[in-house]
Amino acid sequence: MQIAVGTAGQGRVALVDLDASDQPIATVSIAELPPAVRELESHRPRWVWGDTRDWYPSLLDAGIRVERCHDLRLCGAILGQSSTTEAARVAHPRPAWLPLGPSEPGGAVTPVEASVDRTPLFDFEEFDVLQAIGVEERTGEASDRVASADAAAVPVAAVAAEYRRQLEVVAQSTSPGALRLLLAAESVGALIGVELHAAGLPWDRAVHERVLETELGPKPKPGWKPAHMERLAAEVRAALEAPSVNLDSQVDLLRALRRAGIHVASTGRWELKEHEHPAIEPLLAYKKLARLLSANGWAWLDEWIADGRFRPDYVPGGTATGRWATAGGGALQLPKNVRSAVVADPGWKLVVADAAQLEPRVLAGLARDEAMAEAGRGKDFYRGIVDAGVVENREQAKYAILGAMYGATTGESGRLVPRLARAYPRAMALVDRAAADGERGAIVTSHLGRSSPLPSAEWREVQSRASQPEATSADERRARSVARDWGRFTRNFVVQGSAAEWALCWMAALRSRLAAIAATAVVDELARASGPAFERAPHLVYFLHDEIIVHTPAVLAEQVAEAVTEAARGAGKLLFGEFPVEFPLDLEVVDSYALAEG
DNA sequence: ACTCTATGCGCC
DNA sequence: AAAGGGCGCATAGAGT
């Protein structure tokens, strides 16, 4: 069952069963929508709507979770860019109301032909993707709260038409099975993004305040700097013999440093570290405290922590590679020194897990590089590379791998890359080809079909200027330089983008398993601050590229840990079938995030 | 008073 | 310690 959700005029919402007639099966007010959705959810439909952010928050407020959806905005963005839909898009152009995605060009551009020799993928058609991504879910108790959806005004007929267009584009793409999985995973991501915000990350304000007081000193009066910062600032000023230098001003500080005989080009930490001077140590300490104060100080606490929860706005699919972004709160940059404030509710636990060396493992699968996958058998991929005799020690293995994925050409990392290339030619050839495509201005595509943006008009202008007969050698140098920059981006894109797909599949599979656990469990201790949809079920509370946190009743923690591990295995199978690449996790059951530094 | 860019630094 | 892709955010300072 597939149900389109859209407006019907007069502030009403229409639900259309896409497998039946175009006549709405229900037309309701915004307030009546949650009970209508709850009723229909028992048929396990796929909800089709313009934007999950418009519809789902009010449902969660009413205690209703949905199992699956199709987010037309996110899926449209993928389809509008994917190299696998180029022909299909011409026959089925997007409607004007659908907003552009993060990586889509605004105007018409002519793509450069890529060397798309996509290795034969695992046969996605054999999989019932819908089955794999959604299992079972019945949570939420009755609630009479009035929903206040601020839904984008997309008429239900337009929603239905756009859904059919997208399905048609998928069907006519060169890789419909992979694309179907990607769109299903991206749409679950949309649901999870809203759910993470609704549930919130458990946050102990008192612990955070203790960290601030230990590091910075007592909370200062408005307009004053914390005592520890003032003390360090005085030390720096004395050592520099610059009594009035403003350490917060890059220009002012740079001038004072040079006057004191410290010849630096910037005031960055990495450069300062290289110099011997009594001012350096207190200056670096000052900078660290200044960062803590401005990024996660008392003001941040007041703005972002309420009811013992941190509720950032996640932006699924917010970056070109498909990695998520956040808007506000800096959820993806939580510094390690405040993670001690992430504390489970009484009677609850945190299951913290991250995928060990995700990107090189994904690369092994992408390239179907058996030798590289073999090195990844077991927990420590880098150790495996050493054991295979490719490099002498673990550090070298790490830098060689990073160099291969990011395009290092200089330094120790750059020197080690050729040894990696000899040992793992298939993996190396894949990233090298992605880089070469990028340098030519071609787009590259992730495992499931997300494509990179085209380089900017300015980039193309630089390249075409360098190819003119009257081009100077400076023009040519510049063109080569920006071409290589873009090549490093596309080299990394295929790995980072595919790793983001693995992470989405991991979370999607986990979400299903958690729902299944919740359906059979009786929960005594409620996490009330998590809201009606989550207070009695284990639920995701954090996501950071290759790491997740589940907040769970303590009695279910072991079951949840098992589910997290199984979901990782499942994600590997979804993406790479029987190809023997493993995705081991570092996983811990803890009371505080700070205790899970693995 | 507002917007914009550069810088620096936190995370993966 | 090495080298480099993706981000967001706070701040300073310049421009409007």
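Here is the naming used below: chain letters follow the sequence lines, and residue numbers restart at 1 for every chain.
For the pair A/Asp485 and A/Val251, both in contact range of DNA chain C, the more 5′-proximal nearest nucleotide belongs to A/Asp485. Mapping A/Gly407 and A/Ala325 onto DNA chain C by nearest heavy atom places A/Gly407 at the nucleotide closer to the 5' end.
Nucleic acid contact for A/Gly414: none, since no nucleic acid atom lies under 4.0 Å from a heavy atom of the residue. Among the atoms of the strands shown, only primed sugar atoms or phosphate atoms (P, OP1, OP2) are found under 4.0 Å from some heavy atom of A/Phe489. Contacts of A/Ala290 with the nucleic acid, taken as non-hydrogen atoms under 4.0 Å apart, are absent.
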*Let me have a per-nucleotide readout for nucleotides 1-12 of chain B, 5' to 3', with B, S or -, counting only protein heavy atoms under 4.0 Å.*
------SBBBBB

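A/Arg53 and A/Asp313 are not joined by a salt bridge, as no carboxylate oxygen comes within less than 4.0 angstrom of a charged side-chain nitrogen. Electrostatic pairing of A/Glu461 and A/Arg478 does not count as a salt bridge here, judged by no charged N lying under 4.0 Å from a carboxylate O.
Side-chain contact annotation: A/Ser83 with A/Thr445, donor-acceptor N/O pair under 3.5 Å present. Counting only N and O atoms by type, the side chains of A/Ser592 and A/Ser340 include no donor and acceptor under 3.5 Å apart. In summary, the side chains of A/Glu395 and A/Tyr382 do not present any donor paired with an acceptor at a separation below 3.5 Å, with no hydrogens or angles considered.
Among all heavy-atom pairs drawn from A/Ala435 and A/Arg491, the shortest one is CB-NH2, 3.7 Å.
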_Derivation of the ring pair (Phe, Tyr, Trp, His ring centres under 6.0 Å) call for A/His447 and A/Phe576_ = CA-CA 9 Å; A/His447 189 56; A/Phe576 304 116; 4.7 Å; yes

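Using a 4.0 Å cutoff to heavy atoms of chain A, the contacted part of DNA chain C runs 5' to 3' from C/dA2 to C/dG13.
Screening A/Tyr542, A/Phe310, A/Trp304 against A/Trp203 for a ring-ring contact (aromatic ring centres under 6.0 Å, His included) leaves a single residue, A/Phe310. For the side-chain hydrogen bond (donor to acceptor under 3.5 Å, both in side chains) criterion with A/Arg450, the lone passing option out of A/Glu501, A/Gln81, A/Glu186 is A/Glu186.
In the helix from B/dA1-C/dT16 to B/dC12-C/dG5, the end axes, each obtained as the rotation axis mapping the C1' atoms of four pairs onto the next four within a five-pair block, lie 0° apart to the nearest 10 degrees.
Side-chain contact between A/Leu350 and A/Val589: absent, with no pair of heavy atoms (C-beta onward) separated by less than 4.5 Å.
Residue A/Asn393 qualifies as enclosed at atom CG: its count of foreign heavy atoms under 6.0 Å is above 12.
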